[in-house]
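Structure first, then comments.
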Amino acid sequence: MITNTQLDGIALVVGSGRGIGQQAAFSLAEAGAKVVVFADINEETAKESAEESKKYASNKDYTATTFTVNVSDPKGVQEMVDFVVEKFGRLDYCVNGAGIDNGVHAPIAETDIDNFDRIMNINAKGMMLCVRAQCAAMRKQTPRQIQGRNGTRDIGRGAIVNIASANSFAGLPRKGSYTVSKHAVMGLTKMAGLDHAAEGIRCNAVCPTWVRTPLLDVELKSNPEVVGMISAIVPIKRAAESDEVSDTIAFLVSPAASYINGASILIDAAVTTTVRLF
């Protein structure tokens, strides 16, 4: 095992009640995080996930706690970040995974603007509010260092990973609102990484395509067309397992990724490398 992939700091995972956010929190606990704060709009699922994370934690002093947040509320987002810093002293790793899907699919000419506003308010504005508050907190912290094979190196004041999508780079027919919101997430990721690099703050994004979550599993069982579509489009003929995404997130916040900033990691088995007809 590469030593510098291990974690030992304080983590905040937004949207960690279920799905990729939940799995990201589990991977951070497994990688050695001392604290993971499970933040979600659903208090019940956040508490359930926080309790479950204790099965995976490798740090003997591990603590899991929760915070209820609506990411579209600026005051609530700021209170969330303040809670972490005041309770635990600093904020080393942030994962932002709160988001919603397109809802009713429609071509751009038939887009419901109220629905578009709802998606942008959560997926784009909500992500901006989280990253803004996290960067503001991290820039006040003392930078950390590690001992590598070639000497001591600065690993900065904190690392952020935004959960974007393969739709941050390409569209799917009739899924315009979601696609626009995920393109916005990539713009935010690049600008946060650029603006705060000199302050020792890194911001990257993971961009998966179909990922095995309980929601997708239900769809796979009820809709054979989705199974066929994945088989036709994805070169390795299957959806990603959730830990194939969450383990990548854990790597990106780790010291091993200390020179990766403002980047996007496509987790799509090469779906976006070419045109595929089905």
Taking every non-hydrogen atom, the tightest pair across Thr5 and Ala256 = CG2-CB, 3.8 Å

Shortest non-hydrogen pair, Ile230 vs Ala239, comes out as CG2-N, 3.8 Å

Quick one: does Gln141's side chain have a donor or acceptor within less than 3.5 Å of a partner on Arg157's backbone?
-> yes

Verify the cluster assignment for Tyr93 and Phe251: are they in a single hydrophobic cluster under the rule of side-chain heavy atoms below 4.5 Å apart?
-> yes

Minimal non-hydrogen separation, Phe116 against Ser177, with atom names | CD1-OG, 3.5 Å

Partners of Thr66 by side-chain contact (heavy atoms from CB on, under 4.5 Å), sequence neighbours excluded?
-> Phe38, Ala46, Lys47, Ala50

With a 4.0 Å cut-off, would you call Asp92 and Arg144 a salt bridge?
-> yes

Looking only at heavy atoms, which two atoms of Ser16 and Asp40 are closest? And how far apart?
-> N-OD2, 3.3 Å

Do you reckon Leu28 sits in the same ILVMFWY cluster as Val37, going by side-chain contacts under 4.5 Å, direct or chained?
-> no

Smallest heavy-atom separation, Ser53 atom then Ala64 atom, equals OG-CB, 3.6 Å

Who pairs with Asp73 by side-chain hydrogen bond (donor to acceptor under 3.5 Å, both in side chains), at least two apart in sequence or on another chain?
-> none

Would you give the length of the straight line joining atom NE2 of His183 to atom OG of Ser168, rounded to the nearest 0.5 angstrom?
-> 7.0 Å

Taken in chain and number order and not counting sequence neighbours, the residues that satisfy salt bridge (charged side-chain N to carboxylate O under 4.0 Å, His left out) with Asp195 are none

About how many Å separate OG1 of Thr111 and CD1 of Ile113, when rounded to the nearest 0.5 Å?
-> 6.0 Å

Joint hydrophobic cluster, Val180 plus Ile108, side-chain heavy atoms closer than 4.5 Å = no

Is the closest side-chain donor-acceptor distance between Gln147 and Thr152 under 3.5 Å?
-> yes

Here the gap from Leu91 atom CG to Lys140 atom NZ, rounded to the nearest 0.5 Å, amounts to 12.0 Å

Glu241 atom CD, over 12 foreign heavy atoms within 6.0 Å | yes

Given side chains that start at C-beta, do those of Arg212 and Ser242 come closer than 4.5 Å, heavy atoms only?
-> no

Are side-chain heavy atoms of Val104 and Asn115 found at a separation under 4.5 Å?
-> no

Test applied, side-chain hydrogen bond (donor to acceptor under 3.5 Å, both in side chains); reference residue, Lys175; option that passes from Asp101, Asn102, Asn167 = Asp101

Is Val271 close to Pro235 at the side-chain level, that is, under 4.5 Å between some pair of heavy atoms?
-> yes

Passing candidate, side chain to side chain contact (heavy atoms under 4.5 Å, CB included) with Arg18, options Asn42, Thr213, Thr45 = Thr45

Is the number of heavy atoms from other residues, nucleotides or ligands under 6.0 Å of Glu110 CD greater than 12?
-> yes

Could you list the residues that satisfy side-chain contact (heavy atoms from CB on, under 4.5 Å) with Ser231, not counting sequence neighbours?
-> Lys237

Lys190: partners by salt bridge (charged side-chain N to carboxylate O under 4.0 Å, His left out), with sequence neighbours left out = none

Report yes if some heavy atom in the side chain of Thr63 is under 4.5 Å from a heavy atom in the side chain of Lys87; otherwise report no.
-> no

Same cluster for Ile265 and Val245 if Ile/Leu/Val/Met/Phe/Trp/Tyr side chains link at under 4.5 Å?
-> yes

With the side chain counted from C-beta on, respond yes when Ser264 and Thr189 share a heavy-atom pair under 4.5 Å apart, and no when they do not.
-> no

Side-chain cluster (under 4.5 Å, hydrophobic types only) that Ile155 belongs to, other residues = Ile146

With a 4.5 Å limit on heavy-atom distance, are the side chains of Val161 and Thr248 in contact?
-> no

So do the side chains of Met138 and Cys135 get within less than 4.5 Å of each other, counting heavy atoms only?
-> no

According to a 4.5 Å side-chain heavy-atom criterion applied to Ile, Leu, Val, Met, Phe, Trp and Tyr, with indirect links allowed, do Ile20 and Leu7 form part of one hydrophobic cluster?
-> yes

From Asn70 atom CG to Met80 atom CE, the distance as rounded to the nearest 0.5 Å = 10.5 Å

Sequence neighbours left out, what passes ring-ring contact (aromatic ring centres under 6.0 Å, His included) with Phe67? Give chain and number order.
-> Phe83

Show me, pair by pair, the donor-acceptor contacts under 3.5 angstrom made by side chains of residues 124-132, not counting sequence neighbours?
none

Compare all side-chain heavy atoms of Glu30 with those of Asp243 and state whether any distance is below 4.5 angstrom.
-> no

List in chain and number order the residues that pass side-chain contact (heavy atoms from CB on, under 4.5 Å) with Ile100, two or more places apart in sequence or in another chain; answer none if no residue qualifies.
-> Arg118, Ile119, Ile122, Asn123

Heavy-atom nearest pair, Ala269 first then Val234, reads CB-CG1, 3.9 Å

For side chain to side chain contact (heavy atoms under 4.5 Å, CB included), just list the numbers for Lys34 and Phe88, CA-CA rounded to whole Å, side-chain angles, deciding distance to a tenth of an Å, and then say yes or no.
-> CA-CA 10 Å; Lys34 185 176 182 180; Phe88 301 107; over 6 Å; no

Would you mind writing out the side-chain donor-acceptor pairs for residues 197-209 within the sub-3.5 Å range, not counting sequence neighbours?
{"from": "Glu199", "atom 1": "OE1", "to": "His196", "atom 2": "ND1", "distance (Å)": "2.6"}
{"from": "Glu199", "atom 1": "OE2", "to": "Arg139", "atom 2": "NE", "distance (Å)": "3.1"}
{"from": "Glu199", "atom 1": "OE2", "to": "Arg139", "atom 2": "NH2", "distance (Å)": "2.9"}
{"from": "Arg202", "atom 1": "NH1", "to": "Leu252", "atom 2": "O", "distance (Å)": "3.0"}
{"from": "Arg202", "atom 1": "NH1", "to": "Ala257", "atom 2": "O", "distance (Å)": "2.9"}
{"from": "Arg202", "atom 1": "NH1", "to": "Ile260", "atom 2": "O", "distance (Å)": "3.0"}
{"from": "Arg202", "atom 1": "NH2", "to": "Leu252", "atom 2": "O", "distance (Å)": "2.9"}
{"from": "Arg202", "atom 1": "NH2", "to": "Ser254", "atom 2": "O", "distance (Å)": "3.3"}
{"from": "Asn204", "atom 1": "OD1", "to": "Asn261", "atom 2": "N", "distance (Å)": "3.4"}
{"from": "Asn204", "atom 1": "OD1", "to": "Gly262", "atom 2": "N", "distance (Å)": "3.1"}
{"from": "Asn204", "atom 1": "OD1", "to": "Ala263", "atom 2": "N", "distance (Å)": "2.8"}
{"from": "Asn204", "atom 1": "ND2", "to": "Ile260", "atom 2": "O", "distance (Å)": "2.8"}

To the nearest 0.5 Å, tell me how far Asn96 CG sits from Ile249 CD1.
-> 10.0 Å

Considering residues at least two apart in sequence or located in another chain, which fulfil the ring-ring contact (aromatic ring centres under 6.0 Å, His included) criterion with Tyr56?
-> Phe26

What distance separates Glu52 CD from Glu48 CD, expressed to the nearest 0.5 Å?
-> 9.0 Å

Residues joined to Leu194 in its hydrophobic cluster, side chain to side chain under 4.5 Å directly or through other members, sorted by chain and number, are Met191

